[in-house]
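Just so you know, ligand 1 is whichever comes first in the structure, and atom 1 is the first atom listed for that ligand.
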Amino acid sequence: MALDIVIMAAGKGTRMKSALPKVLHRLAGLSLLEHVLHSASTLHAQRIVAVTGHGAEQVEAAVSAPNLQFVRQSPQLGTGHAVQQAAPLLHDEGVTLILNGDVPLIEPDTMRALVDACAGRHLALLTIVLPDPTGYGRVVRSGDPVGGTIEGIVEHKDATPAQRRIKEVYTGVMAAPTAALKRWLAALTNDNAAGEYYLTDVVAMAVREHVGVVATHAHDEAEVLGVNSPLQLADLERRYQRRLAERLMEAGVRLADPARLDVRGELLCGQDVEIDVNCVFEGRVELGDGVRISSHCVIRNARIEAGAVIHPFTHMDGEASGVRIGPRALVGPFARLRPGADLGEDVHIGNFVEVKNSSLARGAKANHLAYLGDATVGEKVNYGAGSITANYDGAYKHRTVIGANVHVGSNCVLVAPLTIGPGATIGAGSTLSKDAPAGQLTVARAKPVSLPGWTRPVKAPKAG
Ligand code: UD1
Ligand code: MG
């Protein structure tokens, strides 16, 4: 059965009190609409139609998905009016699934179950029983409030006191046979408390036409919660993070505190991984067996191999080119690894050391206050405190190549392009602007001068 999906995303989101359209606010690193699109894409619909309105240009520029098309709704006259705008793009012979752009955590399985319940001929509603149903559309059933036949949805504003006591609510998600849906949409009116075209009025129309109306249920409340305010956004973020933390712990990851973890992307962990509190993982991060991440680390797009230890307050930003930390490497505290940092086995990077677009081979060490940019560093190099590669001449970047077993003394400036041969020693305080030969001591600094008999100036005694 052919499937089309409509995502309603035209609303203003007044309660966010933000210049950013609501569906572009981020949860776990992705916009709300991207979450919905990612889940929707797994259903392989022949068409996904996003209805945009408020901030339409910004929304349309910010998201993409296979088979995605946009339609504009202006002005926004209600959820029924929103789906009316999408109707011309929907295929008559199939089923249409309607989702909300501001309900980000709906799971693909829940969507599939709803489409299956529709079976090409029923109107299927996703409902949930809430202890506090205030504000939601109530599912009105005949007779038994749980098992009775569905007669319609009544919006909170339009509900009688008795209807307001109904705890089964409509989540805003439905699946309908497309041809019938189009017929019902064309017949909607705005004769209600809000003066809007309610999509939910199609339920009573289906009942009148003797089309079966069925309900499926979301397993988890978080799946159907919408975002209307910064408070709700933060609440949903914590629910999402909690669920993710539980999945990691079920897989054996030891989190010091599941409430103090933030994953804004994908975190893949081997066996016996330990993560201390307040770490943020962004993009794609892989942690090998036995990796330990200490507290307060921010790690984006990085692969950290088995047995490596990352000390507190380390910042890794792999951006597009990634960061790799080799097996048993020690990094931090207070280290900064930028795109293209590639540390081999047993490499040590200590406090206040910055590494960018540089590789360090096995056993190399830069333990204090140093910069390595555009450098190739050989095995067992010792890179002294305060030393830097001067890799940028104001127009171009140049490489520094440091051979194996080189000892770079403290506070050196290595002016690139530059090659230091294997086994060389560079004297502390050198500004090196030409290559240094292998195996020798190279010193590039003024010789110390001592002046015998020199005296320090003294103040003249005050007159009188
Ligand atoms: C809707 C349902 C209600 C349900 C609730 C679940 C209707 C009439 N009511 O109410 O039964 O319990 O969702 O959260 O459908 N939108 C547009 N264009 C518009 C209006 C809304 O695109 O003209 C979009 C919004 O951006 C949002 C979605 O539709 O993504 C839902 O709209 P919203 O105003 O939040 O509907 P509710 O009043 O919450
Ligand atoms: Mg809503």
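The closest protein non-hydrogen atom to atom 5 (C) of ligand 1 is Tyr170 O, 4.0 Å. Protein heavy atom in closest approach to atom 21 (C) of ligand 1: Thr79 CG2, 3.9 Å. Scanning all protein heavy atoms for the shortest distance to atom 13 (O) of ligand 1 gives Gly172 CA, 4.3 Å. Of the protein's heavy atoms, Glu155 OE1, 4.6 Å lies nearest to atom 1 (C) of ligand 1. Among all non-hydrogen protein atoms, the one lying nearest atom 23 (O) of ligand 1 is Gly78 N, 2.8 Å. Regarding atom 35 (O) of ligand 1, its nearest protein heavy-atom neighbour is Asp102 OD2, 4.4 Å. Scanning the protein for heavy atoms near atom 16 (N) of ligand 1, the closest one is Gly11 N, 4.1 Å.
Considering backbone and side-chain N/O atoms, Tyr136 never comes within less than 3.5 Å of an N/O atom of ligand 1. Taking any N or O of Ala10, backbone or side chain, at least one lies under 3.5 Å from an N or O belonging to ligand 1. The shortest N or O to N or O distance between Asn228 and ligand 1 is not under 3.5 Å. For ligand 1, the polar-atom distance check finds an N/O of Met8 within less than 3.5 Å of one of the ligand's N/O atoms.
For Ser358 (side chain) and Ala341 (main-chain N/O), no donor-acceptor pair under 3.5 Å exists by modelled atom type. Although no hydrogens or angles enter the test, the distance criterion places no donor-acceptor pair under 3.5 Å between the side chain of Gln69 and the main chain of Ala50. Remark: side-chain polar atoms of Thr389 are not paired, donor with acceptor, to backbone N or O of Asn391 under 3.5 angstrom.
Listed by atom number, the atoms of ligand 1 under 4.0 Å from Tyr198 heavy atoms are 8 (C). Residue Gly137 approaches ligand 1 through these ligand atoms, each under 4.0 Å from one of its heavy atoms: 3 (C), 4 (C), 11 (O), 12 (O). Atoms of ligand 1 lying under 4.0 Å from at least one heavy atom of Ala9, given by number and element, are 22 (O). The contact set between ligand 1 and Gln76, taken as ligand atoms under 4.0 Å from a residue heavy atom, comprises 19 (C), 23 (O). Less than 4.0 angstrom separates some heavy atom of Leu77 from each of these atoms of ligand 1: 23 (O). Counting atoms of ligand 1 from 1 in the listed order, those under 4.0 Å from a heavy atom of Ala82 are 17 (C), 18 (N), 22 (O). Of all atoms in ligand 1, listed by their number and element, those nearer than 4.0 Å to a heavy atom of Thr171 are 6 (C), 14 (O).
The shortest heavy-atom distance from Val169 to ligand 1 is not under 4.0 Å. Residue-ligand proximity: Gln73 is placed with a non-hydrogen atom under 4.0 Å from ligand 1. Heavy atoms of Asn100 approach ligand 1 to within less than 4.0 angstrom.
Inter-residue side-chain proximity for His91 and Gln46 is flagged as met; some heavy-atom pair is nearer than 4.5 Å. A 4.5 Å side-chain heavy-atom check between Lys22 and Arg15 finds every atom pair outside the cut-off.
Ring-plane geometry between His35 and Tyr240 is classed as perpendicular, the angle between the planes exceeding 60 degrees on a 0 to 90 degree scale with a lower cut at 30.
Distance check, rounded to the nearest 0.5 Å: OH of Tyr170 to CG of Leu126 gives 8.5 Å.
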